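Let me begin by handing over the structure; questions about it come next.
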Amino acid sequence: MRAALWLLALFGIAAAVALFAGNNQGTVTVFWPPWRVDLSLNLVLLLLAGAFVLLYAALRALAALLSLPHQARQWRVQQKERALHSALLDAMVQLIAGRFSRARKAALAALAQERALEGLDVSLPQARQLRVLSHLLAAESAQSLQDRPARDAHLQLALNESAERGVLSPETREGVQLRSARWALEDRDPAAALARLEELPQGVQRRTLALRLHLKAARQERRTLEALQTARLLAKHRAFSDAAAQSIVRGLATEVLADSHDAAQLLRAWSALESNEREMPEVAIQAAQRMVALNGDLALARGWLLPVWERMVEQPRSLGDGLRVRLTRALEAGLDSVDADWLARIESAQRNNPRDANLQYLAGMACMKRQLWGKAQQLLTQAGLGLQDTELYRRAWLALAQLAEARDDAPQALAAWKRAAQTENL
């Protein structure tokens with residue numbers, strides 16, 4: 001449609017020119033004494049149009065001639081800028097490919113090209129960011145090559161280039177700081193890594209990458225409670241799978257309890273845990289065992305173990321053999337001060353699960369503490385035949401040997417001592 005309209009317009013212009021030029025009788029007379037020149041108006045118009053075209057072409061040619069130096073300079077600048085970007089991309093590719101020496105050379109070449117452009121008084125819009133990235137790539141390559149002086153030098157230059165606010169996006173400096181924190185962790189310097197992370201804005205510190213670095217640094221620095229808090233945030237951000245997050249939190253929670261040096265500190269550590277963490281069997285058992293080791297309140301420790309005990313009784317297969325043994329040992333340590341309620345719980349659980357060797361052992365030791373010798377001997381004998389844990393097996397037969405000696409039954413005591421001694425060779 002547009003082509004048809006243009007064609008109609010050209011036909012109209014041609015018709016108008018033909019009508020005007022065909023019937024135009026006008027002349028133009030030029031007097032140049034002593035001459036007189038008569039020209040037709042059509043010829044004059046054609047000469048004027050030709051002169052205009054010739055003048056326009058001459059001006060364009062002159063402008064092109066005068067712009068040759070500028071075009072040559074622009075071409076040189078363009079070539080150097082292309083070389084700069086090519087070197088920067090080459091540095092990234094070489095770094096990813098693990099060719100660290102070549103990556104550093106390419107990054108240094110990019111810096112050289114940028115300095116050459118600066119020498120030509122060319123100001124690239126992304127010049128500062130290109131310098132920061134080049135220094136960062138050179139520092140990363142130096143870190144991989146274990147060249148720490150070169151790494152620190154390039155890192156400081158990158159930080160200096162990214163220090164001015166408003167020129168670069170804040171993410172550029174944040175990326176440099178996060179990278180430096182990771183390098184500090186690789187150098188086993190968690191204090192420096194934590195210092196770098198603390199320099200970040202508050203919002204950046206809660207990013208997943210920063211939290212991962214903070215978790216590693218806190219664990220290396222033995223700041224277990226701080227690492228636990230960080231692991232909780234990572235779990236909320238779904239940085240780990242559910243199983244991995246639970247495993248990490250459980251391990252850190254047990255470390256927090258294990259680091260307690262007195263009962264008061266253990267209580268503070270237990271209070272710092274969240275409710276779902278206290279319900280973890282490993283955490284509760286660790287807390288109770290630590291309370292026993294610190295000669296603390298055993299009744300309180302048994303209260304911590306109560307949810308785990310109920311879970312074991314109601315769902316015997318919910319706890320592994322290792323946890324059942326640890327729970328048995330933790331409860332055994334406080335049998336001297338156990339109350340009637342716990343005795344009833346142990347007796348009821350043993351009756352409901354008569355073939356459970358761990359419950360037989362625990363009930364037998366409780367009866368022995370209460371001087372119920374006959375029942376204790378019966379339960380411990382049954383437990384000694386079914387226990388899989390070496391330590392519990394040895395303790396059961398030691399208790400049976402003591403009971404036999406109390407009855408002056410030397411043959412049975414000797415047999416029990418032999419059974420207990422057999423564990424030394426296992």
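Fair warning: this is a prediction, and the values are worked out from it, not measured in the lab.
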For this session: Flag the pair Leu359 / Met312 as yes when at least one side-chain heavy-atom distance between them is below 4.5 Å, and no otherwise.
Result: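 Sidechains of Met312 and Leu359: in contact.
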
For this session: Please confirm whether the backbone N or O of Met280 pairs with a side-chain atom of Arg250, one donor and one acceptor, at under 3.5 Å?
Result: no

Exercise. Does Arg302 use its side chain to pair, donor to acceptor, with the backbone of Leu331 at less than 3.5 Å?
Worked result: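 Checking the backbone N and O of Leu331 against the side chain of Arg302, no donor-acceptor pair under 3.5 Å is found.
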
Problem set entry | Check against salt bridge (charged side-chain N to carboxylate O under 4.0 Å, His left out), Glu174 and Arg207 | CA-CA 11 Å; Glu174 293 162 5; Arg207 293 177 187 170; 3.0 Å; yes

Problem set entry | Main-chain N/O of Ala244 paired with Ser247 side-chain donor or acceptor, under 3.5 Å |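 No: the side chain of Ser247 does not pair with the backbone of Ala244.
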
Exercise. What distance separates Leu211 CG from Thr230 OG1, expressed to the nearest 0.5 Å?
Worked result: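 Going from the CG atom of Leu211 to the OG1 atom of Thr230 covers 6.5 Å.
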
For this session: Please check if the side chain of Asp389 supplies one atom and the backbone of Glu391 the other of a donor-acceptor pair under 3.5 Å.
Result: yes

For this session: Carefully, step by step, assess Trp183 and Arg196 under the rule side chain to side chain contact (heavy atoms under 4.5 Å, CB included).
Result: CA-CA 10 Å; Trp183 294 335; Arg196 288 292 187 192; over 6 Å; no

Exercise. Are Arg329 and Glu332 within salt-bridge range, i.e. N to O under 4.0 Å?
Worked result: no

Problem set entry | Electrostatic pair Glu81:Arg76 at N-O distance under 4.0 angstrom | no

For this session: Ignoring hydrogens and angles, tell me if any N or O in the side chain of Ser67 forms a donor-acceptor pair with the backbone of His70 under 3.5 Å.
Result: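 Side chain of Ser67 to backbone of His70: no pair is present.
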
Seminar exercise, completed: Taken to the nearest 0.5 Å, the spacing of Gln79 CD from Gln74 CD works out to 11.5 Å

For this session: Using only heavy-atom distances, determine whether the side chains of Gln143 and Glu186 contain a donor-acceptor pair under 3.5 Å.
Result: yes

Exercise. Under a 4.5 Å cut-off applied to non-hydrogen side-chain atoms, are Glu171 and Val204 in contact?
Worked result: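 No, their side chains stay 4.5 Å or more apart.
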
Exercise. Can you tell me if CZ on Arg222 sees more than 12 non-hydrogen neighbours from other groups inside 6.0 Å?
Worked result: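 It does not: Arg222 CZ has 12 such atoms or fewer within range.
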
Exercise. Side chains of Arg151 and Gln146: closer than 4.5 Å at any heavy-atom pair?
Worked result: no

Exercise. Any side-chain heavy-atom pair from Cys367 and Lys375 closer than 4.5 angstrom?
Worked result: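 They are in contact (side-chain heavy atoms under 4.5 Å apart), so the answer is yes.
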
Problem set entry | Heavy-atom side-chain contact between Leu88 and Leu137 under 4.5 Å |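 The answer is yes; the side chains approach within 4.5 Å.
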
Exercise. Between Arg407 and Gln412, does any side-chain donor sit less than 3.5 Å from a side-chain acceptor?
Worked result: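 On atom types as modelled, these side chains qualify, holding a pair under 3.5 Å.
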
For this session: Start with the C-alpha distance between Leu362 and Gln350, add both sets of side-chain angles, then the distance that settles side chain to side chain contact (heavy atoms under 4.5 Å, CB included), and finish with yes or no.
Result: CA-CA 9 Å; Leu362 189 61; Gln350 194 277 322; over 6 Å; no

Problem set entry | For Leu213 against Ala181, the heavy-atom pair lying closest together | CD1-CB, 4.3 Å

For this session: Could you tell me whether the side chain of Gln382 reaches within less than 4.5 Å of the side chain of Tyr361, counting heavy atoms only?
Result: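 No. Closest side-chain heavy atoms not under 4.5 Å.
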
Exercise. What is the distance from atom CG of Leu306 to atom CZ of Arg311, rounded to the nearest 0.5 Å?
Worked result: 14.0 Å

Exercise. Should Arg115 and Glu118 be marked as a salt bridge (charged side-chain N to carboxylate O under 4.0 Å, His left out) after you check the CA-CA gap, both sets of side-chain angles, and the distance that decides it?
Worked result: CA-CA 5 Å; Arg115 285 193 296 269; Glu118 190 176 2; over 6 Å; no

Exercise. Got a salt bridge between Glu161 and Arg173, using NZ or NE/NH1/NH2 to carboxylate O under 4.0 Å?
Worked result: no

Problem set entry | Test item: Gln205 side-chain N/O and Gln202 main-chain N/O as donor-acceptor pair under 3.5 Å |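 Checking the backbone N and O of Gln202 against the side chain of Gln205, no donor-acceptor pair under 3.5 Å is found.
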
Exercise. Once you round to the nearest 0.5 Å, how far does CD of Gln129 lie from CG of Leu133?
Worked result: 5.5 Å

Problem set entry | From CA spacing to verdict: side-chain hydrogen bond (donor to acceptor under 3.5 Å, both in side chains), Trp417, Gln402 | CA-CA 9 Å; Trp417 284 116; Gln402 293 173 4; over 6 Å; no

Exercise. So does Arg232 pair up with Glu277, basic N to acidic O under 4.0 Å?
Worked result: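 Salt bridge between Arg232 and Glu277, a charged N being under 4.0 Å from a carboxylate O: yes.
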
For this session: Taking atom CZ of Arg278 as the centre, report whether more than 12 heavy atoms of other residues, nucleotides or ligands fall under 6.0 Å from it.
Result: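 Result for CZ/Arg278: enclosed.
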
Exercise. Is it the case that more than 12 heavy atoms not belonging to Gln265 sit under 6.0 Å from its CD atom?
Worked result: yes

Exercise. Under 6.0 Å from the CG atom of Asp321, do we count more than 12 heavy atoms belonging to anything else shown?
Worked result: no

Seminar exercise, completed: Looking only at heavy atoms, the pair that brings Ala253 and Val283 closest together is CB-CG2, 3.8 Å

For this session: List the steps, then state whether side-chain hydrogen bond (donor to acceptor under 3.5 Å, both in side chains) holds for Asn160 with Gln156.
Result: CA-CA 6 Å; Asn160 293 340; Gln156 190 58 47; 3.0 Å; yes

Exercise. Hey, are Glu255 and Arg219 close enough for a salt bridge, meaning a charged N less than 4.0 Å from a carboxylate O?
Worked result: yes

Exercise. Counting distance only, does the side-chain N/O of Asn353 pair as donor-acceptor with the main-chain N or O of Arg355 below 3.5 Å?
Worked result: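 Answer holds: no.
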
For this session: Taking all non-hydrogen atoms of both residues into account, name the closest pair between Leu257 and Trp270 and its distance.
Result: CD2-N, 4.1 Å

Exercise. If you measure from NZ on Lys418 to CH2 on Trp397, what distance do you get to the nearest 0.5 Å?
Worked result: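 Lys418 atom NZ to Trp397 atom CH2 measures 13.0 Å (nearest 0.5 Å).
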
Problem set entry | Least distance between heavy atoms, Ser260 atom then Leu294 atom |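 In this case the closest contact between Ser260 and Leu294 is O-CD1, 4.1 Å.
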
Exercise. Do His85 and Gln113 have a side chain donor and acceptor closer than 3.5 Å?
Worked result: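 On atom types as modelled, these side chains do not qualify, holding no pair under 3.5 Å.
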
Exercise. Looking only at side chains, do Glu347 and Trp342 share a donor and an acceptor under 3.5 Å apart?
Worked result: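 Side-chain D/A pair, Glu347 to Trp342: absent.
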
For this session: Decide side chain to side chain contact (heavy atoms under 4.5 Å, CB included) for Val325 and Gln388; before the verdict, give the C-alpha distance in whole Å, the side-chain angles of both, and the deciding distance to 0.1 Å.
Result: CA-CA 9 Å; Val325 170; Gln388 301 297 320; over 6 Å; no

Exercise. Which heavy atom in Ala231 sits nearest to a heavy atom in Leu252, and how many Å separate them?
Worked result: CB-CD1, 3.7 Å

Exercise. Are the side chain of Ser348 and the backbone of Arg345 linked by a donor-acceptor contact shorter than 3.5 Å?
Worked result: no

Exercise. Which residue pairs pass the ring pair (Phe, Tyr, Trp, His ring centres under 6.0 Å) test with at least one member in residues 97-136, sequence neighbours excluded?
Worked result: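 Residue pairs with at least one partner in residues 97-136: His135-His154.
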
For this session: Could you walk me through whether Leu380 and Leu403 pass side chain to side chain contact (heavy atoms under 4.5 Å, CB included), step by step?
Result: CA-CA 10 Å; Leu380 289 174; Leu403 289 174; 4.3 Å; yes

Problem set entry | Whether Glu114 side chain and Ala110 backbone form a donor-acceptor pair below 3.5 Å |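 Not a single qualifying donor-acceptor pair exists.
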
Problem set entry | Gap separating the OG atom of Ser141 from the CZ atom of Arg99, nearest 0.5 angstrom |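 Going from OG on Ser141 over to CZ on Arg99, the span is 12.5 Å.
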
Exercise. Checking Arg212 side chain against Ala239 main chain: does a donor-acceptor pair fall under 3.5 Å?
Worked result: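 The answer is yes, because a donor-acceptor pair under 3.5 Å joins these two groups.
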
For this session: Indicate yes or no: does Asp259 engage Arg223 in a salt bridge with an N to O separation below 4.0 Å.
Result: no

Exercise. Sequence neighbours excluded, which residues qualify as side-chain hydrogen bond (donor to acceptor under 3.5 Å, both in side chains) partners of Thr208?
Worked result: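 Checked Thr208 against side-chain hydrogen bond (donor to acceptor under 3.5 Å, both in side chains); zero matches.
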
Exercise. Looking only at heavy atoms, what is the nearest atom pair of Leu273 and Leu228, with distance?
Worked result: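 Reported closest heavy-atom pair: CD2-CD2, 3.7 Å.
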
Exercise. Do Gln377 and Met368 have side-chain heavy atoms sitting under 4.5 Å apart?
Worked result: no

